[in-house]
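Bear in mind the structure is a predicted one, so any value in this text is a computation, not a measurement. What you see below is based on every heavy atom in this structure, not just the backbone, and it leaves out hydrogens, waters and symmetry mates. Chain identifiers are assigned alphabetically (A, B, ...) following the order of the sequence lines, protein sequences preceding nucleic acid strands; residue numbering begins at 1 within each chain.
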Number of protein chains: 2
Amino acid sequence: MAKKRGEKYEAILNAATKVFAQYGYHQTQVTKIAKEAQVADGTIYLYFKSKEDILISLFDEKMGGLLAAAEEKVLEQQDVESKLRTLIFMQFSYLAQDPDLAMVIKFELRQLELRQLNEVTRNKINELLRRHLHLIDHIVKSGIDQGVFNPELDPFLARYMIFGTLDETVTSWLMKDRKFDLLSKVEPLLNLLLNGLKRAA
Amino acid sequence: MAKKRGEKYEAILNAATKVFAQYGYHQTQVTKIAKEAQVADGTIYLYFKSKEDILISLFDEKMGGLLAAAEEKVLEQQDVESKLRTLIFMQFSYLAQDPDLAMVIKFELRQLELRQLNEVTRNKINELLRRHLHLIDHIVKSGIDQGVFNPELDPFLARYMIFGTLDETVTSWLMKDRKFDLLSKVEPLLNLLLNGLKRAA
DNA sequence: TGAAAATGAATGAATGATCATTCATTTTTA
DNA sequence: TAAAAATGAATGATCATTCATTCATTTTCA
């Protein structure tokens, strides 16, 4: 739980995103974050309770923003194709703009989910993940309700396919030093996924 | 690079798999592994160079075995459906038998890929991942060559979908304390993926 | 109104906890 | 009995966090 807000709070959070992305959480020393944020080591503790608190605050704020925006946009689409396109597009464009965040989400969020240390952390992380999955599930349900998706589709498998495919695409983009244009994959991926989700030929 | 083999080597490696799965690599102390293996802390260093060496050896040996078997079986199938079914089946059954290994692969392998420290490690991890991806790519190519898959399919997107979907299914199984039967998902997932990969309706 | 006191933010070296690894010693083996 | 294997407390490195101190700003007082 962050202690205090302000200009340095933002500086520290942004610095942490960059340094966590570069070195990973476990190889990141607080002094690295402090240096990147141009504050003293001890200053970090005026704003955050601990190193882990920085990571949690980062997820809370930056993912919270992404999820809120995506929820709004997806829900206001009518047909399921637009919903799915919007989800993919927003996820990709947001992450393409902030590859450091993409990196941290990919490599640290799931770890934190599994290795949660206390109830507050647990609830925060679970809430973020739950919202993401609910959004996907909403799309799957819409697809079935609208008669577009295969009515015999197992919603869980659909979720795994959507989530997993997008996740792996972003991961590959990150691992290949972002050499391909993520946004150019929105439409082809949308088609590929829709193909699988629709009634069988 | 492991120093020495023997009974205690296996005991340590198996103990490490269990403890890494339970606590994660970073929250695992060497003393925990030693206790699980029923050896002294210092004995670990008679067999392995370092804590990280344990993890690398684990991947090398246990994933190496899985990949070798999968490569053999997939390659001996003729039609692309059987190839893909075999890949899914083997991956799921192997991991269902060794959930600890599944856990470590899911949560530590990709970290190691990104945070590789030296050339030997880099080559080992990259080799394992490369083989896995090559197997998937082989299936995709077969599908296209056999006229079953959409000829306009981007092989990379196909790879992301196959890899990502399977990976996410296993992850969800792990996170849900393995409450569902992974093997029962082989056929429905196969159909879902094939649906997406085939020519559009 | 200027000086002194109080306050809060920031600092960074010191501290203490942690833990991978070593190595002197003990035990086992052939 | 000598060599090899195993032991586990000690060691030293690492690093998150603390806290005595400094500094800048605001408030108070004469």
- Item | Heavy-atom contact window of chain A on DNA chain C, given 5' to 3' at under 4.0 Å |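 Extent of the interface on DNA chain C: dA9(C) to dG12(C).
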- Item | Beyond-backbone contact of L58(A) with L101(A), side-chain heavy atoms, under 4.5 angstrom | yes
- Query: Are S93(A) and L183(A) close enough that some pair of their side-chain heavy atoms sits under 4.5 Å apart?
  - Reply: yes
- Message: Check the orientation of Y9(A) and F48(A). Use parallel for under 30°, tilted for 30 to 60°, and perpendicular for over 60°.
- Response: parallel
- Query: Would you call the rings of Y160(B) and F180(A) parallel, tilted or perpendicular, where under 30° means parallel and over 60° means perpendicular?
  - Reply: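 Y160(B) and F180(A): parallel rings.
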- Message: Between D137(B) and R159(B), is the salt bridge (Lys or Arg N to Asp or Glu O under 4.0 Å) condition met? List the steps.
- Response: CA-CA 6 Å; D137(B) 291 348; R159(B) 175 209 276 182; 2.8 Å; yes
- Message: Quick check with a 6.0 Å cut-off and a 45 degree axis cone: is K32(B) positioned over the face of Y23(B)'s six-membered ring?
- Response: yes
- Message: Could you tell me if K4(A) sits above the aromatic ring of Y47(A), with its cationic atom closer than 6.0 Å to the ring centre and no more than 45 degrees from the axis?
- Response: yes
- Fill in the dot-bracket string of DNA chain D, one character per base: . for unpaired, | for a pair to another strand, ( ) or [ ] for pairs within the strand, taking Watson-Crick or G-U pairs under 3.5 Å. ||||||||||||||||||||||||||||||
- Task: Specify the closest pair of heavy atoms between G64(B) and R131(B), including all atoms of both residues, with the distance to one decimal.
- Result: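 It is O-NH2, 3.9 Å.
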- Would you indicate what K32(A) reaches in the nucleic acid, counting non-hydrogen atoms under 4.0 angstrom: base, sugar-phosphate, or nothing? nothing
- Query: For residues 34-45 of chain A, which residues have at least one heavy atom under 4.0 Å from DNA chain D?
  - Reply: G42(A), Y45(A)
- side-chain contact (heavy atoms from CB on, under 4.5 Å) assessment of F156(B) paired with T169(A): CA-CA 9 Å; F156(B) 286 105; T169(A) 306; over 6 Å; no
- Flag the pair H132(A) / F163(A) as yes when their ring centroid distance falls below 6.0 Å, and as no otherwise. yes
